[in-house]
Each structure stands twice: as C-alpha cells, then as structure tokens.
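To keep things clear, I will list the structure first and then write my remarks on it.
Heavy atoms only: backbone and side chains are in, while hydrogens, waters and symmetry mates are out.
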Amino acid sequence: MPKILRQNLPHRLMNHLLDRIESRSITNDDLMQFSDWLSSNPEVPQGRWFKRFPSMTVCGESELVKTFLLPQQAATGEEVL
C-alpha cells in the first residue's frame with residue numbers, strides 16, 4: 001500500500017489544493033488535524049480513497065492528495081480510517 005507523497009507535489013496539484021483550502025474555508029485547526037494524520041505516515045489504497053475529518057474530507061488517489069471537500073459533499077473511493 002502506498003504512503004502519501006508529502007514533498008515535490010506537481011505544481012498544478014499544489015495550486016489546486018491551496019485553492020480548495022481557501023474556497024472551502026478550511027481552517028488552521030482542520031489543517032493541523034490533517035497534518036497530525038500525515039505525521040502518522042498512513043498507508044492509503046492504490047486507487048481512490050478518502051479520509052473524513054470533523055470539518056472536511058480529504059480525497060486522494062494512490063499516493064497523492066487530490067482535493068478537500070466539505071462534510072456534506074460526497075467522496076468516492078475507499079474510506080481510510
């Protein structure tokens with residue numbers, strides 16, 4: 001199972017993630033919870049996956065985080081616990 005890529009993300013993907021953080025009003029507290037989870041070096045499925053947090057859902061594909069959703073938005077893929 002892959003680990004999440006945390007460095008050298010493609011420039012366009014990084015811009016997309018920053019845009020989603022701003023447009024969906026993701027707070028510093030939300031990002032700290034995400035950071036704490038990333039620090040645990042989690043394994044994620046090879047295909048599409050998502051991880052729920054109280055105020056957001058992180059969606060990814062294999063080793064890449066692809067977007068941030070609001071809690072009421074539907075995520076696709078395998079849920080990571």
Side-chain angles (χ1 to χ4, degrees):
M1 302 238 312
K3 305 278 187 177
I4 296 174
L5 184 63
R6 296 174 60 179
Q7 296 179 11
N8 302 318
L9 294 175
H11 184 71
R12 289 181 62 182
L13 176 58
M14 190 62 178
N15 285 340
H16 168 77
L17 294 173
L18 293 171
D19 286 344
R20 290 301 169 264
I21 289 168
E22 183 178 338
S23 68
R24 297 191 172 140
S25 300
I26 298 190
T27 68
N28 285 337
D29 287 342
D30 297 332
L31 293 174
M32 288 304 298
Q33 289 178 349
F34 176 54
S35 176
D36 289 345
W37 179 67
L38 282 179
S39 294
S40 73
N41 204 23
E43 291 184 342
V44 292
Q46 190 70 320
R48 289 184 174 187
W49 58 266
F50 63 95
K51 169 74 173 156
R52 293 185 197 278
F53 292 91
S55 301
M56 69 176 179
T57 301
V58 177
C59 299
E61 188 169 345
S62 200
E63 72 275 357
L64 294 174
V65 171
K66 293 288 190 128
T67 199
F68 298 100
L69 301 177
L70 296 173
Q72 66 271 21
Q73 293 178 294
T76 61
E78 183 179 336
E79 184 169 10
V80 176
L81 301 177

What pair of heavy atoms forms the shortest contact from P45 to M1, and how long is it?
N-CE, 4.1 Å
Tightest non-hydrogen contact, residues L5 and N8, listed as CD2-O, 4.4 Å
Does F34 reach the side chain of V58, with side-chain heavy atoms less than 4.5 Å apart?
yes
Can you name the residues that form a side-chain hydrogen bond (donor to acceptor under 3.5 Å, both in side chains) with T27, not counting sequence neighbours?
D30
Taking all atoms of both residues into account, what is the closest heavy-atom pair of L69 and A74, and its distance?
CD1-O, 3.5 Å
Any carboxylate oxygen within less than 4.0 angstrom of a Lys/Arg side-chain nitrogen, looking at E43 and K3?
yes
Would a single hydrophobic cluster contain both L31 and L64, if residues Ile, Leu, Val, Met, Phe, Trp and Tyr are joined by side-chain heavy-atom contacts under 4.5 Å?
yes
Got a second to check how far T57's OG1 is from Q73's CD, nearest 0.5 Å?
8.5 Å
ILVMFWY cluster, M32 and F68 together (side-chain gap under 4.5 Å)
no
Please check if atom CE in M14 has more than 12 non-hydrogen atoms from other residues, nucleotides or ligands closer than 6.0 Å.
no
So how far is it from Q33 CD to S55 OG, rounded to the nearest 0.5 Å?
6.5 Å
With the threshold set at 4.0 Å, does a side-chain nitrogen-carboxylate oxygen contact exist between E79 and R52?
yes
Roughly how far, to the nearest 0.5 Å, is OG of S35 from CG of D29?
12.0 Å
Does any pair with a residue in residues 17-26 pass side chain to side chain donor-acceptor pair (under 3.5 Å), and if so which ones, sequence neighbours excluded?
none
Given the rule that I, L, V, M, F, W and Y join up when any side-chain heavy atoms are under 4.5 Å apart, are I21 and L70 in one cluster?
no
Is it the case that over 12 heavy atoms from other parts of the model lie below 6.0 angstrom from the CD atom of Q7?
no
Are the side chains of V80 and F50 in contact, using a 4.5 Å heavy-atom criterion?
no
Go through the structure and list residues passing side chain to side chain contact (heavy atoms under 4.5 Å, CB included) with S62, not counting sequence neighbours.
P2, Q46
Could you walk me through whether I26 and M56 satisfy the side-chain contact (heavy atoms from CB on, under 4.5 Å) test, starting with their C-alpha distance in whole Å, then the side-chain angles of each, then the deciding distance to 0.1 Å, before giving a yes or no?
CA-CA 7 Å; I26 298 190; M56 69 176 179; 3.7 Å; yes
Look at the aromatic rings of W37 and F53 and report parallel, tilted or perpendicular, splitting at 30° and 60°.
perpendicular
Would you say the side chain of R6 lies within less than 4.5 Å of the side chain of L38, judging by non-hydrogen atoms?
yes
So, does H16 use its side chain to make a donor-acceptor pair with the main chain of T67 at under 3.5 Å?
no
When you compare the side chain of V65 with that of W49, does any pair of heavy atoms fall below 4.5 Å?
yes
Mark yes when over 12 heavy atoms from residues, nucleotides or ligands other than N28 sit less than 6.0 Å from its CG; otherwise mark no.
no
Spacing of E61 atom CD and R48 atom CZ [to the nearest 0.5 Å]
5.5 Å
